[in-house]
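Each chain gets a letter, A, B and so on, in the order its sequence line appears, and its residues count up from 1.
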Amino acid sequence: MDRDRPRPARLLAGPPDPDLPQRRRRPGRLDGRHDPRHPDPRRPRQQRDDPAARRRDPHRHPRGCRPDGPRRRDRDLDRGPRHAHEQGGSTRMTVRVRMAPSPTGSPHVGLVRTALFNWAFARHHGGTFVFRIEDTDRERSTDESLSSIIDLMRWLGLDWDEGPEVGGPHGPYRQSERGELYADALTRLEGSGRVYRCYCTNDEVDARFKVRKAAYDEAKKAAATGGEKPEAPVMGYDGFCRDLTSEQIAAFTAEGRASVPRLRMPDGSITWDDLVRGEVTFETKHVPDFALARTNGDPLYTLVNPVDDALMEITHVLRGEDLLSSTPRQIALYEALKEVGIAKVTPQFGHLPYVMGEGNKKLSKRDPEAHALAYRDQGYLPEGLLNYLALLGWAIAADRDIFTLDEMVEAFEIGDVVANPARFDLKKCDAINAAHMRRLSIEEITHRALPFLKADGVVADPVNDADAQLLELAMPLIAERISKFTEAGALLAFLFVDEDAFEVDPEDAEKQLGEAGKPVLQASYDALSALSSWSTDAIQTALQAALVDGLGLKPRNAFGPVRVAITGKRISPPLFESMELLGRERSLGRLQRALG
RNA sequence: GCCCCCAUCGUCUAGCGGCCCAGGACACCGCCCUUUCACGGCGGGUACGCCGGUUCGAAUCCGGUUGGGGGUGCCA
């Protein structure tokens, strides 16, 4: 089972184009590529001329040096002279990235984060963002899931240049519709000698592994008494069918055995320069030859994903860390695909860190925070969710974490993405979202809150003019009090509810409307009913005089009962403004009612 | 088992050899503002996992170790 086919000792998945972004290089760790003789003309002069600064930072613009603007846009795109490129082309390739979700179940926030980083990367470099659907698993893929992913992307505003609903030159964009492409790829691959048929059953593979394991255990025992340390057996397929003779093949076929195509992994090691992790190397002896299709001929992810990336001319693959260990297989397959004319280049890979949940495990579909559409339904702002998700692995600046999508696009560098997994923190997500809420204009926030208020039955659907007007006046009172739209209804309902349906929270009533509250309410009623003008100021002045000055109450005790009587709750928008909006009749009526 | 990845406050992060006895944000605790809740302001506690090495100097570079995560399919 030795792998004697001559192969280059080391496959390097080189950058498809040296003009394209590279991982941020750390001096001393990886070789820099910048030529200091060619300073970047866009860099601030002081820095350009300061040799110390240059030494400190050969290619990277230090953060915080430009208080007057965003970080330099194309730091990596114009990094001076290039070394020769393996493809020999000097044409600048446009960035093409993709998101390739499997439409199974409800979309996950991890998917959103991956989509966001791909999207931001594409937009930052003026590239193309492709949306492809990996529905090769017919059992699990559903149209419902697909349409929820599309809804999600639309809601988020992450637009795609090619893919479902928009089409494009590399379609179709559903793998289930690309069968002949894969069949063709497979035929070519099998003709190349890089792929062979394997006739083993799973049981046979397992049985052989057990034998190897037993031999290993023996050898280990022997080594304990001073022998040579054995090499541990690799789990999985052992390359049994690599070099079958035609007689053997004929025999297997005569037996009626089915077969699968497997890629022959090259000897040596495979190294790539990961966009977020730097150099990663796998010895191929730890990467078994892998199947490209099922015995029934259905292509597998292992084939379909690189083939589509190749056909769609994807230049940069930014995906979850879980795919890290399948990258050497894909790079090997790319070599074969290049040989048979399907791939032009091997894309660059960047593996994004996980989004973790409670404890120390990957955020799973069981976690309620994992469901991306739930954020829409709970009244989060897409810009808020996206801002929060961007923070999981990326930072726009040392002292800043609220930003818009445009600002992210401007500043986003894949090399700035950190490699360590991030825990999803709903509280911070809420806080970031609330910050975006406060940035909205009253018109905007009103407009966007409306569907939620309708759903909660606070206003009618369609909303009538009077309610619409009232809403616009009331919105400023709650805009800074909510972190998501589903909180708006509870705060506003008292203004819109019919008097006979108005209810006071029983617990709050007990605390504020008891015997101690009665005189307060009575004094309030008296003072307010004498009022000639019904304005916030007049109300405040009158109540202040009657309760604080008149009854000698602390403001806290004075206004508490009134608040509960008027709004039904201890927590409400500002009281005097609320009363003004509620109007004289209704306000006095509610005080009366609270008095019993 | 083997392979790979990761490691700074509770959490997300800044940090790219001296600007750091470590900065910001969320959370937490005080105080101020205040008609509740918020918003806003001020202040506080809390982190470089460990051991070696390189260096005049290490959170930063290197090695090891420990801990965590992932992979190891005819799933994606």
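- Between R438(A) and rG40(B) there is a side-chain polar atom (N or O) within less than 4.0 angstrom of OP1 or OP2.
- Checked against the 6.0 Å centroid threshold, Y380(A) and F485(A) do not count as a close aromatic pair.
- Using a 4.0 Å heavy-atom distance criterion, G236(A) is classed as a sugar-phosphate-only contact.
- Set against rC4(B), rA25(B), rG1(B), the side chain of D401(A) has rA25(B) as its closest nucleotide.
- A distance of about 30 Å separates the P atoms of rA14(B) and rU55(B), rounded to the whole Å.
- Spacing between atom OH of Y301(A) and atom P of rG71(B) amounts to 12 Å, rounded to whole angstrom units.
- Set against rU35(B), rC12(B), rA76(B), the side chain of R140(A) has rA76(B) as its closest nucleotide.
- Distances were taken from every side-chain heavy atom of S325(A) (C-beta onward) to each of rG71(B), rC12(B), rU36(B); the shortest belongs to rG71(B).
- Of the listed nucleotides (rC74(B), rA38(B), rC12(B)), rA38(B) has the atom at the smallest distance from the side chain of E480(A).
- The side chain of K428(A) approaches rC12(B) more closely than any other nucleotide in the set rA38(B), rC12(B), rC4(B).
- The residue I482(A) sits apart from the nucleic acid: no heavy atom pair falls under 4.0 Å.
- Across the P atoms, rC16(B) and rC61(B) are found 10 Å apart, a figure rounded to whole Å.
- Residue contacts for R212(A): at a heavy-atom cut-off of 4.0 Å it reaches no nucleic acid atom on any strand shown.
- Nearest to the side chain of Y354(A), among rG69(B), rC12(B), rG40(B), sits rG69(B).
- For the pair F576(A) and P101(A), nearest-nucleotide mapping onto RNA chain B gives the more 5' position to F576(A).
- Summarising the geometry, the separation between CD on E577(A) and P on rU36(B) is reported as 13 Å, rounded to the nearest angstrom.
- Across all strands shown, P574(A) has heavy atoms under 4.0 Å from base atoms, whether or not it also approaches the sugar-phosphate.
- rA27(B) atom P lies 8 Å from atom NZ of K427(A), rounded to whole Å.
- The distance from atom CZ of R277(A) to atom CG of N420(A), rounded to the nearest 0.5 Å, is 8.5 Å.
- Residue-level contact check: V564(A) touches neither bases nor backbone, having no heavy atom under 4.0 Å from any strand.
- Remark: rC2(B) base-pairs with rG71(B); criterion is Watson-Crick or G-U wobble with both hydrogen-bond distances under 3.5 Å.
- Each of rC2(B), rC12(B), rA14(B) was ranked by its minimum atom distance to the side chain of H286(A); first place goes to rC2(B).
- For T136(A), no side-chain nitrogen or oxygen approaches OP1 or OP2 of rC75(B) to under 4.0 Å.
- Spacing between atom CZ of F494(A) and atom P of rC37(B) amounts to 16 Å, rounded to whole angstrom units.
- With P as the reference atom, rC4(B) and rG43(B) are 49 Å apart, rounded to whole Å.
- For N420(A), a side-chain nitrogen or oxygen approaches OP1 or OP2 of rU13(B) to under 4.0 Å.
- A gap of 16 Å separates the P atoms of rG15(B) and rC9(B), to the nearest Å.
- rU46(B) and rA58(B) have their C1' atoms separated by 23 Å, given to the nearest Å.
- With distances taken from any side-chain atom of D137(A) to the nucleotides rA27(B), rC39(B), rC75(B), the minimum falls on rC75(B).
- Look at the C1' atom in both rG23(B) and rC5(B): the space between them is 28 Å, to the nearest Å.
- Looking at D143(A) and R174(A), a side-chain N of the basic residue comes within less than 4.0 Å of a carboxylate O on the acidic one, giving a salt bridge.
- Here R400(A) does not reach the OP1 or OP2 of rU13(B): none of its side-chain N or O atoms lies under 4.0 Å away.
- Looking at heavy-atom distances under 4.0 Å, P573(A) makes contact with a base.
- rG10(B) sits 22 Å from rC6(B) when the P atoms are compared, rounded to a whole Å.
- For F282(A), the side-chain atoms get nearest to rC4(B) when compared with the rest of rC4(B), rU13(B), rA38(B).
- When both distances must be under 3.5 Å, the Watson-Crick or G-U wobble mate of rC42(B) is rG30(B).
- Nearest nucleotide to the side chain of L575(A), out of rC4(B), rC39(B), rU35(B): rU35(B).
- Between R294(A) and rC75(B) there is a side-chain N or O to OP1 or OP2 distance below 4.0 Å.
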